Amino acid sequence: VSAGAIASEPGGVALPGIFNAGDCYQCGKCTAGCPVADRMDLMPNQIVRLVQLGQVEKAAGSHAIWECVSCHTCTARCPKSVDCAGLMDSLRQLSVERAAPAPGQSRTVLFQKAFLRNIRRNGRLNELELIGAFKTSAFLQDLEMPFLFRNAMLAPRLGLRGKLKLNGAKVRDRELVERIFDRCLSEAEN
Amino acid sequence: MEIGYYPGCALHGSSNDYETSVRACLDALGVRLREVNDWICCGATAAHCINRQLSIALPARNLALAERDGFGEVLAPCPLCSMELLKAEQVLRTDDAMRKRVGQIIELEVDAKTDVLNLIQVFQKIGVEQIKAAVARPLEHIQAACYYGCLLTRPAETLRFDDCERPSSMETLLEALGSKTVDWNYKTECCGAGLTMANEDSVLELSHKILANAASHGANCVVVACPMCHVNLDMKQEDIERRYSVRHDMAIYYLSDLVGMALGLSDDALGINRHFVYRG
């Protein structure tokens with residue numbers, strides 16, 4: 001694989017972005033420094049290897065990309081300047097676009113989607129609304145009662161500390177935020 | 001001194017104790033913060049996980065607003081915000097076609113020349129010696145584990161701040177204010193950041209390790225400059241203690257809490273009494 005190039009299997013998916021994945025020589029430093037590698041089905045170095053081999057879809061279907069906490073330790077320590085953290089982002093974007101996140105990781109995906117819907121509507125994060133929307137969508141998916149009510153007792157304790165805002169802030173020009181979202185998301189589709 | 005201010009969603013939400021602290025502390029040091037007019041969310045973790053264009057356009061809008069307001073420098077006390085702003089700036093500076101396209105998307109031209117500063121950099125701008133000269137109560141009782149987490153120093157080539165493996169800027173500042181600092185192993189490890197709700201299990205494990213390591217190296221508090229680090233280490237501390245059957249009882253301060261304390265400000269003025277772990 002030539003330096004910097006992202007190969008794709010014949011008929012496979014090409015990955016946007018340059019991450020120098022071609023330069024990886026499998027030293028494993030990314031995995032050694034990863035704080036959540038023990039929770040992953042594929043180690044960060046294995047994800048890079050799959051991308052090198054053009055098996056992008058397999059990488060994008062892994063649990064690993066959703067266990068990743070985006071701490072950038074892998075990228076910081078790579079002796080070949082492979083941007084492993086950037087690669088993880090690109091794989092997540094691909095997995096969402098193709099509606100193919102690994103089963104069992106959908107809760108994290110639901111959270112990120114609920115977060116974006118919230119920003120789209122308000123321009124700024126409305127925390128209470130986000131918690132409500134996320135818990136509801138997670139419940140409709142898993143029908144898991146304990147998760148629905150987990151941390152519910154945090155609300156009064158946050159309130160007591162003046163940390164809970166019932167009417168979240170909104171930006172003045174909310175239509176503009178909508179337009180920014182529309183333009184970005186339609187470019188992704190094309 | 002007057003600088004632009006991008007609070008970000010956390011500081012206007014449940015991390016408003018951080019905003020109280022930053023404002024009180026900088027006010028005492030003669031720094032006036034002027035909020036970026038009608039700023040929007042930077043997109044946080046969600047945007048870069050889901051759509052690359054959005055993860056550049058949302059911060060770019062804020063950079064353009066800061067330019068329109070005439071701010072050469074903008075403080076973003078949340079490292080996720082400052083990293084996203086700087087990451088967008090890096091892309092826009094190096095890719096002119098992208099900069100023009102993004103300008104159309106966000107309906108404002110963007111030069112991407114704003115100096116985005118984290119909280120430590122603002123203290124450095126004021127000057128360690130000048131802050132030292134204003135100390136009313138030296139921090140003699142403090143044994144701080146300075147915790148940088150991820151995004152104050154990484155990605156290094158985007159942020160160009162301190163040393164991402166062995167940062168020392170918080171120690172330099174706090175030691176000048178009379179504090180002791182401890183040498184420990186977890187200062188640049190991740191606490192799980194914004195996954196507090198989506199993946200609580202990871203957050204509890206990572207944050208537990210950080211608290212345990214700080215304590216075993218003799219710290220009597222952990223110092224952060226990030227709202228997410230504070231949520232995970234302070235608000236979630238009881239959950240961590242329950243999960244791992246330990247008692248951490250570790251005070252978690254924002255950097256501005258300790259600077260403010262040294263300047264003689266009260267816990268109330270700094271919002272310290274609104275932390276979950278609070279000894280009074």
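Quantities reported herein were computed from a predicted structural model and do not represent experimental measurements. Chain identifiers are assigned alphabetically (A, B, ...) following the order of the sequence lines, protein sequences preceding nucleic acid strands; residue numbering begins at 1 within each chain. Because only heavy atoms are used, hydrogens play no part in the values below, and waters and symmetry mates are left out as well, while side chains stay in.
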Thr73(A)/Arg154(B) under side-chain hydrogen bond (donor to acceptor under 3.5 Å, both in side chains): CA gap, chis, key distance, verdict | CA-CA 8 Å; Thr73(A) 306; Arg154(B) 291 190 299 263; 3.3 Å; yes
Heavy atoms, side chains only, cut-off 4.5 Å: are Met83(B) and His72(A) in contact?
-> yes
Answer yes or no for Arg157(A) and Phe276(B): cation-pi contact, defined as NZ/CZ to six-membered ring centre under 6.0 Å and angle to ring axis within 45°.
-> no
Between Asp89(A) and Arg52(B), is the closest basic N to carboxylate O distance under 4.0 Å?
-> no
Kindly say whether Arg172(A) contributes a backbone atom to a donor-acceptor pair with the side chain of Asp38(B) at under 3.5 angstrom?
-> yes
Qualifying residues under side chain to side chain donor-acceptor pair (under 3.5 Å), relative to Asp163(B), sequence neighbours excluded | none
Verdict with supporting geometry, Asn51(B) and Gln93(A), side-chain hydrogen bond (donor to acceptor under 3.5 Å, both in side chains) | CA-CA 6 Å; Asn51(B) 183 281; Gln93(A) 292 158 14; over 6 Å; no
For the pair Arg183(A) and Glu107(B), find out whether any cationic side-chain nitrogen is under 4.0 Å from an anionic carboxylate oxygen.
-> yes
Below 4.5 Å from any heavy atom of chain B, which atoms of Val69(A) appear? Answer side chain, backbone, both or neither.
-> both
Quick one: does Arg124(A)'s side chain have a donor or acceptor within less than 3.5 Å of a partner on Cys41(B)'s backbone?
-> no
Below 4.5 Å, heavy atoms only, C-beta onward: do Leu195(B) and Trp66(A) meet side chain to side chain?
-> no
Ala47(B) backbone acceptor or donor facing Gln112(A) side chain under 3.5 Å | no
